[in-house]
Amino acid sequence: MASKQWTTISFMERSETYPNALIILNTPLAHDQLFRQIWAAASVRYCADGGANRLYDRFEDEATFLPDLIKGDLDSLKPHVRAYYESKNVPVIHDPDQDSTDLGKCIAALVEEEKRLGQGKGKEKEHQLVISGGLSGRLDQTIHTMHALMQLSEVRERTWAVGSESIACVLGKGNHDLTISLQHFGGTCGILPVGERAFVKTKGLKWDLGPDAYPTSVAEGVSSSNHLPQEDISVETDVPIVWTVEVRGAE
Ligand SMILES: Nc1ncnc2c1ncn2[C@@H]1O[C@H](COP(=O)(O)OP(=O)(O)OP(=O)(O)O)[C@@H](O)[C@H]1O
Ligand SMILES: Cc1ncc(C[n+]2csc(CCO)c2C)c(N)n1
C-alpha cells in the first residue's frame with residue numbers, strides 16, 4: 001500500500017499547488033520565528049474569536065498581521081482588539097450558535113471560502129489546514145481539538161495543529177512517511193491513540209513500536225516521551241492515531 005507523505009516544510013513555506021489556511025485559536029501562539037513562518041506560508045488566515053486577541057497582543061505594532069476574518073460567538077474578543085481590526089477593514093462575524101465551537105465556526109467559513117474559490121472550475125479549492133494552538137490549556141477544549149482533527153482527517157487531505165509547545169496531526173489507517181525538521185521540532189514525540197485501540201508499527205524512533213504491532217489505547221498504554229533521532233520516520237497503523245512532536249525553543 002502506498003505511503004502518505006507528510007512534511008513540516010509544507011506549513012512553513014508557501015505553496016501555490018496546495019496552499020495553507022491558518023485558523024488561530026485562543027491559546028498561546030508558537031514562538032515568534034515559527035509563528036511568523038506559519039503566517040507567511042498561509043494564503044487564508046482566520047481568527048477564532050479570542051484568537052484575534054493573541055494576534056493583536058503579539059503584533060499590535062505590525063500592520064501586516066491582519067487576518068482575513070474574525071469569527072465566533074465573540075464572547076472573548078476584547079473590545080479594543082475588535083475596534084482595531086474593524087478600523088483596518090477586517091470582517092468580524094458574530095455567530096451565536098451554542099452547538100458549535102469557534103473553531104468549528106471558522107472551519108465552516110473556510111469550507112465556504114473554498115467553495116467560492118472553486119466556483120466555475122468544477123472543483124473546490126482545498127487548503128492544507130493549519131490550526132494555531134488548541135493542544136493545551138482547558139482539557140475539554142484540547143479534546144475538542146483532537147475531535148476536530150479526527151473529523152477533518154476524514155474530509156481533508158492534511159490538517160496540522162501547531163501550538164506553542166507541540167504540533168500534532170492525525171495519521172489515518174495505513175502507511176505514513178513523515179519528514180520532521182529537527183531544526184524546529186523534536187526531540188520528544190508521541191504516538192497517541194484517539195478513541196479506539198490502534199495497532200501501530202514505527203521505524204526511526206528511539207523506542208520503535210514493533211516488530212510486532214504495538215497495541216495502544218488510553219487504557220492499555222501510550223507511546224509518550226518517545227524520541228526522534230532523525231528527520232525521516234515511518235508509521236503504520238490500523239486505525240487513526242495522533243502523531244505529536246515537541247516544538248524546539250518553546251518558552
Ligand atoms: N483554554 C483553551 N484550551 C484549548 N483550546 C482553547 C482554549 N480556549 C480557547 N481555545 C480554542 O480557541 C477557540 C476560541 O476560543 P475563545 O476563548 O475565543 O472562545 P471560547 O468561548 O472559550 O470557545 P468556544 O466558544 O469555542 O467554546 C475555541 O473554539 C477553542 O478551539
Ligand atoms: C451536548 C452539548 N454539550 C455542550 C454544549 C455547549 N456548547 C458546545 S459548543 C458551544 C459554543 C461555545 O461557543 C457550547 C455552549 C452543547 N451545545 N451541547
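In what follows, residues are counted from 1 in the order of the sequence shown. When a ligand or atom number is given, it counts from 1 through the structure's own listing order.
Considering both main-chain and side-chain atoms, Leu25 never comes within under 3.5 Å of ligand 1 through any nitrogen or oxygen pair. At least one N/O-N/O distance between Gln141 and ligand 1 falls below 3.5 Å. Looking at ligand 2, you won't find any N or O of Asp97 less than 3.5 Å from one of its N or O atoms. Taking any N or O of Ser136, backbone or side chain, at least one lies under 3.5 Å from an N or O belonging to ligand 1. Taking only nitrogen or oxygen atoms, main chain and side chain alike, Asn26 reaches within less than 3.5 Å of ligand 1. Geometrically, ligand 1 and Gly51 share no nitrogen or oxygen pair separated by less than 3.5 Å. Between Thr27 and ligand 1, no pair of N/O atoms sits closer than 3.5 Å.
For atom 2 (C) of ligand 1, the closest heavy atom belonging to the protein is Arg138 N, 3.5 Å. When only non-hydrogen protein atoms are considered, atom 18 (N) of ligand 2 lies nearest to Asp99 OD1, 4.2 Å. Among protein heavy atoms, the minimum distance from atom 11 (C) of ligand 2 is reached at Ser100 O, 3.2 Å. The protein heavy atom nearest to atom 24 (P) of ligand 1 is Asp102 OD2, 3.6 Å. For atom 29 (O) of ligand 1, the closest non-hydrogen atom of the protein is Leu103 N, 3.3 Å. With respect to atom 16 (P) of ligand 1, the closest heavy atom belonging to the protein is Ser76 OG, 3.4 Å. Here the protein heavy atom with the shortest distance to atom 6 (C) of ligand 2 is Gln98 O, 3.8 Å.
Cluster annotation: Val245 and Leu29 are assigned to the same hydrophobic cluster (Ile/Leu/Val/Met/Phe/Trp/Tyr, side-chain heavy-atom contacts under 4.5 Å, transitive). In terms of hydrophobic clustering, with Ile, Leu, Val, Met, Phe, Trp and Tyr side chains grouped at heavy-atom distances under 4.5 Å, Ile191 and Ile167 are assigned to a common cluster.
Taking every non-hydrogen atom of Gly134 and a distance limit under 4.0 Å, the qualifying atoms of ligand 1 come out as 5 (N). Numbered from 1 in the order shown, with element, the atoms of ligand 1 that lie under 4.0 Å from a heavy atom of Ala48 read 14 (C), 18 (O). Residue Asp73 approaches ligand 1 through these ligand atoms, each under 4.0 Å from one of its heavy atoms: 25 (O). Listed by atom number, the atoms of ligand 1 under 4.0 Å from Gly50 heavy atoms are 18 (O).
Using a 4.0 Å cut-off between heavy atoms, Asp75 contacts ligand 1 through its side chain alone, with no backbone atom that close. Proximity of Leu77 to ligand 1, defined as any heavy-atom pair under 4.0 Å, is not found for any part of the residue.
In this structure, Glu62 pairs ionically with Arg36, as a charged nitrogen and a carboxylate oxygen lie closer than 4.0 Å. Salt-bridge check for Arg58 with Asp32: passed, with a basic side-chain N closer than 4.0 Å to an acidic carboxylate O.
At most 12 heavy atoms of other shown residues, nucleotides or ligands fall within 6.0 angstrom of atom NZ in Lys203.
Annotation: Trp160 is in aromatic contact with Trp6 [ring centroid separation under 6.0 Å]. Phe65 has its ring centre no less than 6.0 Å from the ring centre of Tyr85. The aromatic ring centroids of Tyr56 and His80 lie less than 6.0 Å from each other.
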- Item | Arg156 and Glu126: CA distance, side-chain angles, deciding distance, side chain to side chain contact (heavy atoms under 4.5 Å, CB included) verdict | CA-CA 8 Å; Arg156 306 182 78 87; Glu126 189 181 303; 3.7 Å; yes
- For ring-ring contact (aromatic ring centres under 6.0 Å, His included), just list the numbers for Phe35 and Phe59, CA-CA rounded to whole Å, side-chain angles, deciding distance to a tenth of an Å, and then say yes or no. CA-CA 11 Å; Phe35 185 82; Phe59 298 109; 5.7 Å; yes
- Does the side chain to side chain donor-acceptor pair (under 3.5 Å) test come out yes or no for Thr101 and His144, once each step is laid out? CA-CA 9 Å; Thr101 62; His144 174 74; 2.8 Å; yes
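For atom 2 (C) of ligand 2, no protein heavy-atom neighbour is present inside the 4.0 Å cut-off. Closer than 4.0 Å to atom 15 (C) of ligand 2 lies at least one heavy atom of the protein.
Looking at every heavy atom in both residues, Leu103 comes nearest to Ala48 through N-CB, 4.2 Å.
Selection from Asp49, Asp75, Leu74, Asp73 by nearest heavy atom to atom 12 (C) of ligand 2 gives Asp73.
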